[in-house]
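For reference, the structure is listed below as C-alpha cells.
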Amino acid sequence: MIQIPCPWCGPRNEEEFSYGGSAEAPMPALDSQSTHGDWHAHVHVRENPKGPHREYWHHTAGCERWLLVCRDTRDNAILECRDASSGPEGLPGDEA
Ligand SMILES: [Zn+2]
C-alpha cells in the first residue's frame with residue numbers, strides 16, 4: 001500500500017488517488033489536435049524505470065487537486081509530493 005502525503009489532506013492511501021501519467025514526458029496539448037490515442041499513450045503506455053520517477057496523481061476522493069509526486073519505484077517510497085502547478089523542477093530525478 002502506498003501512502004501519498006497530500007499537501008492539503010495529509011497522508012492518504014493510494015486508493016483515494018487516480019494515477020495521471022508520467023511527469024517525465026510532456027502531456028499532450030490541451031486542444032483539439034490531441035487524440036484519445038495520445039492521452040492513452042501518455043497515461044497508460046509507459047516505461048518501467050527503476051528508481052525515482054515523477055508522476056501526476058489526482059486526489060479523486062479528497063481535495064480533488066492534481067499532485068506531482070516523486071516515487072521511488074523500487075520500494076514505492078514517496079520522495080516528494082507537491083501541487084502539480086508548481087512544475088517538476090527541483091524534484092528528485094530532475095536533471096536540470
Ligand atoms: Zn488532497
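As the structure lists them, so they are numbered: ligands from 1, and atoms in each ligand from 1. The figures that follow rest on heavy atoms only: side chains count, while hydrogens, waters and symmetry mates do not.
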Protein N, O or S atoms under 2.8 Å from the Zn ion (ligand 1)
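Protein N, O or S neighbours of the Zn ion (ligand 1) under 2.8 Å, waters not counted, come to 4.
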Identify, with sequence neighbours excluded, every residue that meets side chain to side chain contact (heavy atoms under 4.5 Å, CB included) alongside W66.
Y56, H58, A84
Does N48 have any side chain to side chain contact (heavy atoms under 4.5 Å, CB included) partners at least two apart in sequence or in another chain, and if so, which?
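Once residues adjacent in sequence are excluded, N48 has no partner under the side chain to side chain contact (heavy atoms under 4.5 Å, CB included) criterion.
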Is C81 close to I4 at the side-chain level, that is, under 4.5 Å between some pair of heavy atoms?
yes
Between R54 and E80, is there a side-chain heavy-atom distance shorter than 4.5 Å?
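They are not in side-chain contact.
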The test is side chain to side chain contact (heavy atoms under 4.5 Å, CB included); show your working for L67 and F17 and say whether it passes.
CA-CA 10 Å; L67 307 176; F17 297 83; 3.6 Å; yes
Can you list every side-chain hydrogen bond (donor to acceptor under 3.5 Å, both in side chains) pair that touches residues 36-45, not counting sequence neighbours?
T35-D38
